[in-house]
Amino acid sequence: MQLLSRDFYQNTNPFFVGEQLIGKIIETSFDQKVCTARIVELEIYKAPEDRGSHAYQNKLTDRTKIIFEKGGLAYVYLCYGIHHMFNVVSGPEGVAHAILIRAVEPLQGIHTMKSRRGIEKEVQLTNGPGKLCQALGIKTSFDGETLFERRSKIRLLDDGFKYIPDDLYKGPRVGIAYAKEDANLPYRYYLKQNSFVSRPLIVKY
DNA sequence: GCGACGATTCGCT
DNA sequence: GCGAATCGTCGCG
């Protein structure tokens, strides 16, 4: 298990970073509880031209300032007043790319995740951006945490897992109708065969 | 200061 | 399939 390096996140191409993040491991540790889970679905938000991005046209506010930092930080915000959303900040300083983690596959700490979620069914634990934050204990207080340090409450790790490139689905992002034509861009990635993906494509016959 | 709204989830019909 | 929950952020003036 190896920490992803600080340099990895600063790559200027957010699509490359997104492809690399699929299959990597998120580990949270605090309150003497450790949870790990594999990333199986994410969405790219590409500054400054992406209307879906909070940093569209490089809009700089108290909330978005963290996205402009050097890659390798967590961007966590509250959605609908209830759900936390976890993003990986990428790109060099001043370039506001963010990658929303939409689904993960639980590996360790499943008992803790069940207790945080208040449910027993494993497939429901982390198959959505709000759900996985609840399961892993990710809150807005994680905003700005570094992802490349052992001492962080949240880290990203590589265990050598490799997916088959043909298994990677690329399609439109979810829930961003306000982004108009940008909503159709293929910025959502997920592993086709994985049962923890949120809202997988329904195949019609 | 205030009103509108959201990168969602859950429960009920 | 639909609507409510629930609150921080943003834009307006």
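Every chain is numbered from 1 and lettered A, B, ... according to where its sequence line falls, protein lines coming before strand lines.
A:R155 and A:E149 are not joined by a salt bridge, as no carboxylate oxygen comes within less than 4.0 angstrom of a charged side-chain nitrogen. Ion pairing of A:E105 with A:R38 is absent here, as no side-chain N (NZ or NE/NH1/NH2) approaches a carboxylate O to less than 4.0 Å. The existence of a salt bridge linking A:D50 and A:R173 is confirmed by a sub-4.0 Å separation between a basic side-chain nitrogen and an acidic carboxylate oxygen. A:E19 has a carboxylate O that lies under 4.0 Å from a charged side-chain N of A:K170, or vice versa, which qualifies the two as a salt bridge.
You'll find the ring centres of A:F30 and A:F142 inside the 6.0 Å limit.
Open room surrounds CD on A:Q2; 12 or fewer heavy atoms of other groups in view lie less than 6.0 Å from it. More than 12 heavy atoms of other residues, nucleotides or ligands lie within 6.0 Å of CZ in A:R150, so this atom counts as buried by the packing criterion.
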Canonical and wobble pairing (Watson-Crick, G-U, under 3.5 Å) of DNA chain C, dot-bracket with |: |||||.||||||.
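The CG atom of A:D143 sits 12 Å away from the C1' atom of C:dG8 (whole-angstrom rounding). In this structure, CG of A:L60 is placed 13 Å from C1' of C:dC10, rounded to the nearest angstrom. Atoms OH (A:Y56) and P (C:dC10) sit 17 Å apart, rounded to a whole Å. We find that CD of A:Q57 is positioned 11 Å from P of C:dG11, with the value rounded to whole Å.
The side chain of A:K59 places no N or O atom within less than 4.0 Å of a non-bridging phosphate oxygen (OP1 or OP2) of C:dT9. Not one side-chain nitrogen or oxygen of A:T61 sits closer than 4.0 Å to the OP1 or OP2 atom of C:dT9.
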Nucleotides 1-9 of chain B: protein proximity per nucleotide (B base, S sugar-phosphate only, - neither; heavy atom, under 4.0 Å): -----BBBS
Exercise answer: donor-acceptor pairs, residues 67-94 of chain A side-chain atoms, under 3.5 Å, sequence neighbours excluded:
unit_1 : atom_1 : unit_2 : atom_2 : d
A:Y75  : OH     : A:H54  : ND1    : 2.7
A:H84  : ND1    : A:T140 : N      : 3.4
A:N87  : ND2    : A:Y75  : O      : 3.4

